[in-house]
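Computation of the quantities below employed the complete heavy-atom set of this structure, encompassing side-chain atoms and omitting hydrogens, waters and symmetry-equivalent molecules. Sequence positions, counted from 1, serve as the residue numbers for this chain.
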Amino acid sequence: MTWSEMEPLLEQACWDTLYMVGWSALIAVGGGLPLGVLLVLTDRGGVLQNVVVNKVVGQVVNIARSMPFIILMVALISFTRAIVGTTIGPEAAIVPLAIGAIPFYARLVETSVREVDGGLVEAVQSMGGSTWTVVRKVLLPESLPSLISSATTTIVALIGYSAMAGTVGAGGLGDLAVRYGYLRFETKLMWITVAILAVVIAIIQFAGDLAARGLSHRGRSSVAPRLVLLRGGASRAQKPAPAPEPQAAPSEIETVEPTKVP
């Protein structure tokens with residue numbers, strides 16, 4: 001197979017892979033982020049402590065994570081057909097990809113949010129902050145660099161899942177590598193596909209690490225001055241005002257009696 005024959009196949013396969021991974025990553029982040037935060041809030045000592053809810057949600061996440069992706073795709077065939085009307089193609093692959101990635105990202109979010117200093121949460125609560133304020137002002141901003149790294153890990157995993165989904169008619173680079181590279185013995189095309197996947201993963205990982213480092217440095221540089229100002233304000237508020245110094249009494253003017261002339 002010549003390059004002119006491979007080029008349109010590779011171009012279409014790359015777009016299919018990016019389409020599947022992009023939409024499934026958005027759905028996974030949108031579903032996994034609140035799920036992971038909920039696991040932290042309902043845990044023992046959490047803001048919304050509820051052991052029953054925490055255990056139920058945790059077991060559901062564990063079961064979904066433990067299921068191999070190829071089995072998950074087969075198990076969701078009826079559900080996928082009901083959602084998108086078909087079981088083949090990139091649109092059909094988005095459904096099992098997103099459902100498989102949501103619990104994966106939720107556990108990563110839970111780990112990231114647990115790293116936030118509990119003293120910050122207690123400080124916001126002591127000032128009358130609600131649960132939504134704690135999540136929006138403390139948990140998410142403080143764990144944002146770690147959340148970015150977790151999203152990068154999820155996207156890289158989704159690229160591998162999408163290649164696996166290609167083996168059952170989902171399209172993309174995995175489908176191209178199997179149908180042409182393996183079944184038609186086009187070894188050159190298969191290795192080109194592998195190289196493209198490696199380059200895409202390297203670019204995504206580099207961009208994710210760069211964003212996480214930038215947010216981490218910016219967070220440290222902005223938090224330090226605020227902490228200094230808060231500490232200074234607190235110390236000034238706690239320190240009693242100095243007593244006013246007594247004003248010096250006006251100096252007495254010495255009067256000299258006039259001498260009497262005899």
Side-chain angles (χ1 to χ4, degrees), residues 1-33 68-105 108 147-214:
M1 183 179 289
T2 62
W3 174 253
S4 60
E5 296 173 334
M6 290 188 293
E7 185 177 4
L9 296 174
L10 290 169
E11 183 178 354
Q12 183 61 42
C14 288
W15 280 116
D16 289 344
T17 298
L18 293 176
Y19 177 78
M20 289 186 292
V21 172
W23 278 107
S24 56
L26 288 176
I27 297 173
V29 171
L33 182 61
F69 182 70
I70 190 69
I71 298 177
L72 182 64
M73 285 193 301
V74 175
L76 293 175
I77 286 178
S78 300
F79 181 72
T80 302
R81 184 183 290 110
I83 294 296
V84 298
T86 182
T87 58
I88 59 175
E91 291 81 7
I94 292 174
V95 177
L97 283 172
I99 293 177
I102 285 175
F104 180 82
Y105 185 65
L108 295 178
L147 292 176
I148 296 295
S149 299
S150 300
T152 304
T153 303
T154 304
I155 294 174
V156 171
L158 281 172
I159 293 176
Y161 290 165
S162 68
M164 191 184 304
T167 62
V168 292
L173 293 172
D175 176 63
L176 183 65
V178 171
R179 285 196 296 117
Y180 288 88
Y182 178 72
L183 298 179
R184 298 188 184 185
F185 302 101
E186 294 288 347
T187 307
K188 182 179 179 181
L189 179 60
M190 183 176 65
W191 284 112
I192 292 175
T193 303
V194 172
I196 292 175
L197 286 172
V199 171
V200 170
I201 290 175
I203 293 174
I204 293 175
Q205 189 66 55
F206 174 77
D209 294 342
L210 185 64
R213 285 196 298 269

Give, for atom [atom1] of [X] and atom [atom2] of [Y], the distance between the pair rounded to the nearest 0.5 Å.
X    : Y    : atom1 : atom2 : answer
I196 : I201 : CD1   : CD1   : 12.0 Å
F206 : T152 : CZ    : OG1   : 12.0 Å
M164 : F69  : CE    : CZ    : 7.0 Å
Y105 : T153 : OH    : OG1   : 9.5 Å
L9   : E7   : CG    : CD    : 10.0 Å
D175 : S162 : CG    : OG    : 11.0 Å

Could you check whether any side-chain heavy atom of [X] comes within less than 4.5 Å of a side-chain heavy atom of [Y], counting everything from C-beta outward?
X    : Y    : value
L33  : L147 : yes
Y19  : I94  : yes
I159 : L173 : no
F79  : I99  : yes

Heavy-atom closest contact ([X] atom, [Y] atom, distance):
X    : Y    : answer
P96  : A92  : CD-O, 3.0 Å
I27  : A98  : CG2-CB, 3.6 Å
L158 : A101 : CD2-CB, 3.6 Å
A212 : S149 : CB-OG, 3.4 Å
G171 : M20  : O-CE, 3.7 Å

Qualifying residue for side chain to side chain contact (heavy atoms under 4.5 Å, CB included) with V21, from L97, D16, V156, I155: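 Among L97, D16, V156, I155, the one that satisfies the side chain to side chain contact (heavy atoms under 4.5 Å, CB included) with V21 is I155.
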field: Short side-chain to backbone donor-acceptor contact, T193 and A177, under 3.5 Å
entry: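 Looks like no, no N/O pair under 3.5 Å.
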Stepwise side chain to side chain contact (heavy atoms under 4.5 Å, CB included) check, T17 with V200: CA-CA 11 Å; T17 298; V200 170; over 6 Å; no
- prompt: Does the side chain to side chain contact (heavy atoms under 4.5 Å, CB included) test come out yes or no for M6 and E186, once each step is laid out?
  reply: CA-CA 10 Å; M6 290 188 293; E186 294 288 347; 5.8 Å; no
- prompt: How would you list, by chain and number, every residue that makes a side-chain contact (heavy atoms from CB on, under 4.5 Å) with I88, sequence neighbours excluded?
  reply: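 For I88, the residues satisfying side-chain contact (heavy atoms from CB on, under 4.5 Å) (neighbours in sequence not counted) are T86.
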